[in-house]
Amino acid sequence: MIREYRTIEEVAGPLMLVRQVEGVKYDELGEIELPNGDIRRCRVLEVNGRNVLVQLFESSAGLNLANSKVRFTGHGVQLPVSPNMLGRVFNGMGEPIDNGAKILAEKSMDINGTPINPAARYYPSEFIQTGVSTIDGLNTLVRGQKLPIFSGSGLPHANLAAQIARQAKVRNKDDKFAVVFAAVGITFEEADFFISDFKRTGAIDRTVLFINLASDPAIERISTPRMALTAAEYLAFECDMHVLVIITDITNYAEALREVSAARKEVPGRRGYPGYLYTDLATMYERAGRKMGSEGSITMIPILTMPEDDKTHPIPDLTGYITEGQIILSRELYRKGYLPPVDVLPSLSRLKDKGLGVGKTREDHADTMNQLFSAYARGKEAKELMVVLGEAALTPIDRLYAKFADAFEAEYIHQGFYENRSIEETLDLGWKLLSILPKSEMKRIKPHLLEKYWCGKD
């Protein structure tokens, strides 16, 4: 029997203290009934004897302490799941907001999930084609990987996120592919962009959207990514689908975590964020992967805006430790009009070598990738030297490398947000750009591949 309590002691921001309760557990879901019959939800943050501290999902405005009552449900926050979630739009608490019918749930799943046993994980090894050359060709995404995108304020990470959600697919497979897209703490304008873009391009049919607006309560912001990951776990491990999870923006999530931590008067860590920020992020990121006994997989692309473009800020810093690389967006390339403005030299996919080669992409992928990195790095150095000493001071070969760097940015990096390049188109474009340089400079490509694919002058 569910007991009701009229022992609300005090409310401070998103937190509420309830005294003299029995049998309540940490993370349990609660309901607050107002005198007018309205229901507001909360969850248990702390249990101290018979006193519990709960966190409100909605605003505390209008909450009458004396006449309101609280009951606890005996379980944590849950998401009703069903294959019919595909093509639907939900808010941060898993409630439909697209004017469609209510989801007929097959089951309800705890949004905190269950960690994947490391011994039961498969190693990520299958290439996912995003249609973006700077990712597919140089920082390859592999099924089951966690590959974050580090952006800055004002950079078009939302457009890149939508592009990847539209274009991503597992090659050479008839397996079912789905996208779970979680937008955390965004504006109404951004939410409208994502929903209308997905509907216009037809990507909505294979996508589950969770939209949390900046005006929604902080606690909902903390739940939104977990709602999305719970939906992904259901589709991947119970419906055997390959699921790509895109979460934007992790910075908004961490800010909400800091807000709640401050309300609880916890001792702050770096930059005021709670000391458990690393652990909290890890509990989300580590829900991605492939596991034995299941055909499905979860691949994750978390997107975060670095405050003041600072890579050493706690959020990108800790994210980099947990995930397998990072894609970094460049403000300089964005100013030049190159879209998506991916800065390829500091970007890294630690699992890229596992997802390329014969049977996955193409035999020349690894060698052309290394040659393009090398040539672009030398071309950038030549351009910097040109600024200091003038073009006349460069050797003829350095001038060619500078020319290559300009062409690489204008043709390889710049493709716009609506061009979907296959991996073959990306690799062929790489060979075309390398032909700017003499064949003798192709020192990172095996001779038999050079003979087969070289399209420049000898």
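- The main-chain N or O of Gln78 is never found under 3.5 Å from a side-chain atom of Ser108 such that the two would form a donor-acceptor pair.
- Taking both residues in full, the closest heavy atoms of Ala375 and Leu437 are given as CB-CD1, 3.9 Å, listed atom of the first, atom of the second, then distance.
- Between the side chain of Arg399 and the backbone N or O of Glu391, at least one donor-acceptor pair lies under 3.5 Å.
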Would you check, one step at a time, whether the test salt bridge (Lys or Arg N to Asp or Glu O under 4.0 Å) holds for Arg335 with Glu332?
CA-CA 5 Å; Arg335 285 194 197 102; Glu332 181 189 350; over 6 Å; no

CA sep, side-chain torsions, deciding dist, call: Leu434, Leu372, side-chain contact (heavy atoms from CB on, under 4.5 Å):
CA-CA 7 Å; Leu434 288 172; Leu372 286 166; 3.9 Å; yes

Step by step, would you call Ser349 with Gln145 a side chain to side chain donor-acceptor pair (under 3.5 Å)?
CA-CA 9 Å; Ser349 170; Gln145 184 178 3; 3.0 Å; yes

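- Salt-bridge check for Glu425 with Lys432: failed, with every basic side-chain N at 4.0 Å or more from each acidic carboxylate O.
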With salt bridge (Lys or Arg N to Asp or Glu O under 4.0 Å) as the test, would you mind laying out the steps for Asp309 and Arg331 before giving the verdict?
CA-CA 9 Å; Asp309 293 0; Arg331 206 169 285 281; 2.7 Å; yes

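- Residues Arg421 and Thr426 bring no donor and acceptor atom of their side chains to less than 3.5 Å of each other.
- Closest heavy-atom contact between Leu329 and Leu160: CD2-CD2, 3.9 Å.
- At least one donor-acceptor pair closer than 3.5 Å links the side chain of Asn212 to the backbone N or O of Gly185.
- The pair Asp280-Arg226 meets the salt-bridge criterion, since a charged nitrogen lies less than 4.0 angstrom from a carboxylate oxygen.
- Summarising the geometry of Leu339 relative to Pro156, their closest heavy-atom pair is CD2-CG, 4.1 Å, with the distance given to 0.1 Å.
- Note that OG1 of Thr140 and CE of Met369 are 6.0 Å apart. Values are rounded to the nearest 0.5 Å.
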Worked check of side chain to side chain donor-acceptor pair (under 3.5 Å) between Glu266 and Tyr276:
CA-CA 11 Å; Glu266 294 174 333; Tyr276 50 80; 2.9 Å; yes

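- Of the residues Tyr412, Phe404, Phe408, the one that meets the ring-ring contact (aromatic ring centres under 6.0 Å, His included) test with Tyr376 is Phe408.
- A side-chain donor-acceptor contact under 3.5 Å links Thr323 to the backbone of Thr319.
- Under the side-chain contact (heavy atoms from CB on, under 4.5 Å) rule, Phe150 has a single partner from Leu304, Ile303, Ile327, which is Leu304.
- Leu257 places none of its side-chain heavy atoms less than 4.5 Å from the side chain of Tyr273.
- With respect to Glu95 and Arg41, a salt bridge is recorded, a charged nitrogen being found less than 4.0 Å from a carboxylate O.
- With His365 contributing its side chain and Gly137 its backbone, the two residues share a donor-acceptor pair below 3.5 Å.
- By the 4.0 Å N-to-carboxylate-O rule, Lys311 lies too far from Asp317 to be salt-bridged with it.
- Taking each heavy atom of Ser59 and Pro217 in turn, the nearest pair found is N-CG, 4.4 Å.
- Counting only heavy atoms from C-beta outward, the side chains of Met241 and Phe177 never approach each other to under 4.5 Å.
- We find that Arg221 and Glu259 are not joined by a salt bridge, their nearest charged nitrogen and carboxylate oxygen being 4.0 Å or further apart.
- Checking side-chain atoms of Ser294 against main-chain N and O of Gly296 turns up a donor-acceptor pair under 3.5 Å.
- Contact between Asn420 and Gly131 at its shortest, heavy atoms only, is OD1-CA, 3.2 Å.
- Results of the salt bridge (charged side-chain N to carboxylate O under 4.0 Å, His left out) test with Asp367 over Arg362, Lys446, Arg444 single out Lys446 as the only residue that passes.
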Residues Tyr401, Glu381; criterion side chain to side chain donor-acceptor pair (under 3.5 Å); working and verdict
CA-CA 9 Å; Tyr401 272 106; Glu381 288 174 6; over 6 Å; no

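- Distance CE/Met300 to NZ/Lys146: 7.5 Å, rounded to 0.5 Å.
- In this structure, Thr251 contributes its side chain and Thr305 its backbone to a donor-acceptor pair below 3.5 Å.
- Rounded to the nearest 0.5 Å, atoms CG (Asn91) and OG1 (Thr224) are 7.5 Å apart.
- Put simply, CD1 on Ile423 and OG1 on Thr361 are 5.5 Å apart, with the number rounded to the nearest 0.5 Å.
- Contact check for Arg206 versus Val179: side-chain heavy atoms found under the 4.5 Å cut-off.
- Side-chain atoms of Ile301 and Leu244, non-hydrogen and from C-beta on, do get closer than 4.5 Å to each other.
- Judged by distance alone, the side chain of Asn370 and the main-chain N or O of Ala366 form a donor-acceptor pair under 3.5 Å.
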The test is salt bridge (Lys or Arg N to Asp or Glu O under 4.0 Å); show your working for Lys360 and Glu126 and say whether it passes.
CA-CA 7 Å; Lys360 295 176 181 175; Glu126 290 178 271; over 6 Å; no

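- The pair Asp406-Lys403 does not meet the salt-bridge criterion, since no charged nitrogen lies less than 4.0 angstrom from a carboxylate oxygen.
- Here the straight-line distance linking atom CG of Leu356 with atom OG1 of Thr368 works out to 8.5 Å at 0.5 Å rounding.
- Under the side-chain contact (heavy atoms from CB on, under 4.5 Å) rule, Val89 has a single partner from Asn99, Ile211, Val208, which is Ile211.
- Looking at heavy atoms from C-beta onward, Phe237 lies in side-chain contact with Ile298 at the 4.5 angstrom threshold.
- Of all heavy-atom pairs spanning Ala231 and Leu79, the tightest one is N-CD2, 3.9 Å.
- Centroid-to-centroid, the aromatic rings of Phe181 and Phe194 come within less than 6.0 Å.
- Salt bridge annotation for Glu424-Arg171: present, with a cationic side-chain nitrogen under 4.0 angstrom from a carboxylate oxygen.
- Under the 3.5 Å distance criterion, the side-chain polar atoms of Glu190 are matched with a main-chain donor or acceptor of Thr187.
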Go through Thr207 and Arg88 one step at a time and tell me if the side chain to side chain donor-acceptor pair (under 3.5 Å) criterion holds.
CA-CA 7 Å; Thr207 305; Arg88 300 296 302 274; over 6 Å; no

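- Put simply, CD1 on Ile204 and OG on Ser196 are 10.0 Å apart, with the number rounded to the nearest 0.5 Å.
- Side chain of Thr230 to main chain of Ile111: a donor-acceptor pair is present (N/O by atom type, distance under 3.5 Å, no hydrogens or angles).
- Salt bridge annotation for Arg121-Glu286: present, with a cationic side-chain nitrogen under 4.0 angstrom from a carboxylate oxygen.
- Arg166 and Asp197 are joined by a salt bridge, as a carboxylate oxygen and a charged side-chain nitrogen come within less than 4.0 angstrom of each other.
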What's the verdict on salt bridge (Lys or Arg N to Asp or Glu O under 4.0 Å) for Lys439 and Glu451, showing C-alpha distance, side-chain angles and the deciding distance?
CA-CA 10 Å; Lys439 192 175 182 181; Glu451 290 301 318; 3.3 Å; yes

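- No close placement of the His157 and Tyr334 rings is indicated, their centers lying 6.0 Å or farther apart.
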